[in-house]
Amino acid sequence: MIVDLNLTRCATDLDEVFHLAKGAGLDSKSSREVCCCWDMLQIWHDWIDSKFGRLKTLRHLSQPDDPPDIQLVFEARTIDFEHTRLQPYPLGGAEDVKHTEFPNLVTAVPALSKPPKNRAELLHSMFSVLDAPWANVGDELNVAAQSLVETLRNKMIRLPDGGIIGIVDETSYSHNDVQRLFEIAEHFVNSQNFSGFDRYTLIILNRPNHLQYRSALIVRGNKIETRGE
C-alpha cells in the first residue's frame, strides 16, 4: 500500500499530521510512523532543505510495498527513510501493559540489564519499586548501545542504497543519558565497522513530552549536531 501525503500546511502540529494520515487510510501504527518522521523533519528542516531541496511529498509504504517505511519526495530526488524505536526488551512489553491495562497508574521502568523473565516479574518490576532489581547505569547504557548497533545494521540492510535512518530513543530518561547515547551513536557511525555508513544520515530523537525534545543528526565523517528545547 502506497499513500502520498502533503503535510506542509501542518507545520509542527503532529495531531493534525496524525489525523491527516488516518484520513488517508493509514492505520494507527503507520500514522504514528508518519508523525515521528515529520517531527524529525521539522526539527532538522533547514539541514534537510539545504541538503535535498524542497520536500514535495511524504510517501508512506506498507506491505507489500515496503521497505522503505517512507520515501521523501523532493523536487530533484527521492530519499528513502526508515523509522524505528530504540526500545529493547522489556520496554515494549512494559509499555503495552501500562497502556492497555493500567493507563491511569504511575509505573516504574524495568531494568534493561536485569530484564524480567516472565509476566509476573514484569509486573513486579513496574509496581514494586522499592524491592525491584536495581541496575548499574553503565550496564543499562551497554544494553542500549548493543541494541543501537543491531538497529543500525538492520536498517542498513533494509536501505541498501542509503537514505535516512530515524530512531526514536525510548531508553534514556535524563539529559546526560541522552547525550551519552548520542556520543555512542557518533562513535559507531564513524567506526571502521560502519564504513558503509557514508551513504546514510542518522537522526535520533528523544521526546519525553510534546514540549521537550533532544535530537542528534549524525553523518559519517562530520561533527555531530544536536538540538533541543
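Quick caveat: nothing in here was measured; it's all calculated off a predicted structure.
Taking CG of Asn154 as the reference point, atom CD1 of Ile165 lies at 10.0 Å (rounded to 0.5 Å). From Lys51, atom NZ reaches atom CD1 of Ile79 across 8.5 Å, with rounding to the nearest 0.5 Å. Annotation: the span from Ile43 atom CD1 to Ile203 atom CD1 amounts to 8.5 Å, rounded to 0.5 Å. Taking CD from Glu183 and CZ from Arg180, the interatomic distance works out to 8.5 Å, rounded to the nearest 0.5 Å. The CD1 atom of Ile218 sits 11.5 Å away from the NZ atom of Lys223 when rounded to the nearest 0.5 Å. With values rounded to the nearest 0.5 angstrom, Thr151 atom OG1 is found 11.5 Å from Glu82 atom CD.
Not counting sequence neighbours, the partners of Asn206 by the side chain to side chain donor-acceptor pair (under 3.5 Å) test are Asp169. Partners of Asn209 according to the side-chain contact (heavy atoms from CB on, under 4.5 Å) rule, which considers only residues two or more places apart in sequence or in another chain, are Leu211, Gln212. In this structure, the salt bridge (Lys or Arg N to Asp or Glu O under 4.0 Å) partners of Arg54, at least two apart in sequence or on a different chain, are Glu75. For Glu186, there are no side chain to side chain donor-acceptor pair (under 3.5 Å) partners at least two apart in sequence or on another chain. Checked against side-chain contact (heavy atoms from CB on, under 4.5 Å), Arg32 has the following partners two or more places apart in sequence or in another chain: Phe18, Ser28, Lys29. In terms of the ring-ring contact (aromatic ring centres under 6.0 Å, His included) criterion, Phe188 has no residue partners (sequence neighbours excluded). Not counting sequence neighbours, the partners of Ser174 by the side chain to side chain donor-acceptor pair (under 3.5 Å) test are Asp177.
Leu7 is connected to Val168 through a chain of hydrophobic side-chain contacts under 4.5 Å among Ile, Leu, Val, Met, Phe, Trp and Tyr, so both are in one cluster. Val73 and Ile164 sit in two unconnected hydrophobic clusters of ILVMFWY residues. Membership requires side-chain heavy atoms under 4.5 Å apart, directly or through other members. Cluster annotation: Leu14 is not connected to Ile204 through the hydrophobic network of ILVMFWY side chains, with a link wherever side-chain heavy atoms come within less than 4.5 Å. Using a 4.5 Å cut-off between side-chain heavy atoms of Ile, Leu, Val, Met, Phe, Trp and Tyr, with links allowed through other members, Leu5 and Met40 fall into the same hydrophobic cluster. Side-chain heavy atoms closer than 4.5 Å link hydrophobic residues (I, L, V, M, F, W, Y) into clusters, and following such links, even through other members, never connects Leu205 to Ile224.
Pairs engaging residues 6-21 under the side chain to side chain donor-acceptor pair (under 3.5 Å) rule: Asn6-Thr8, Arg9-Glu16 [sequence neighbours left out]. Applying the ring-ring contact (aromatic ring centres under 6.0 Å, His included) rule to pairs touching residues 60-80 yields Phe52-Phe74, sequence neighbours excluded. Residues in residues 190-228 take part in these ring-ring contact (aromatic ring centres under 6.0 Å, His included) pairs, two or more places apart or across chains: Phe197-Tyr200. Sorted by first and then second residue, the side chain to side chain donor-acceptor pair (under 3.5 Å) pairs with a member in residues 34-49 read Asp39-Arg207, Trp44-Ser215, Asp46-Arg227; sequence neighbours excluded.
The side-chain heavy atoms of Gln179 and Arg214, taken from C-beta on, include a pair separated by under 4.5 Å. Using a 4.5 Å cut-off on side-chain heavy atoms (C-beta onward), Leu58 and Leu72 make contact. Residues Leu202 and Ile167 meet the side-chain proximity criterion, which asks for heavy atoms closer than 4.5 Å. Contact of the Val34 side chain with the Leu26 side chain is registered, since non-hydrogen atoms from C-beta on lie closer than 4.5 Å. Here the side chains of Cys37 and His83 are not in contact, with every heavy-atom distance at 4.5 Å or above.
Listed here is the closest heavy atom pair of Pro160 and Ile157: CD-O, 3.5 Å.
Each of Asp80, Asp4, Asp69 was checked for a salt bridge (charged side-chain N to carboxylate O under 4.0 Å, His left out) with Arg59, and the lone residue meeting it is Asp4.
Apart from Leu61 itself, the hydrophobic cluster it occupies contains Ile2, where clustering links Ile, Leu, Val, Met, Phe, Trp and Tyr at side-chain heavy-atom distances under 4.5 Å.
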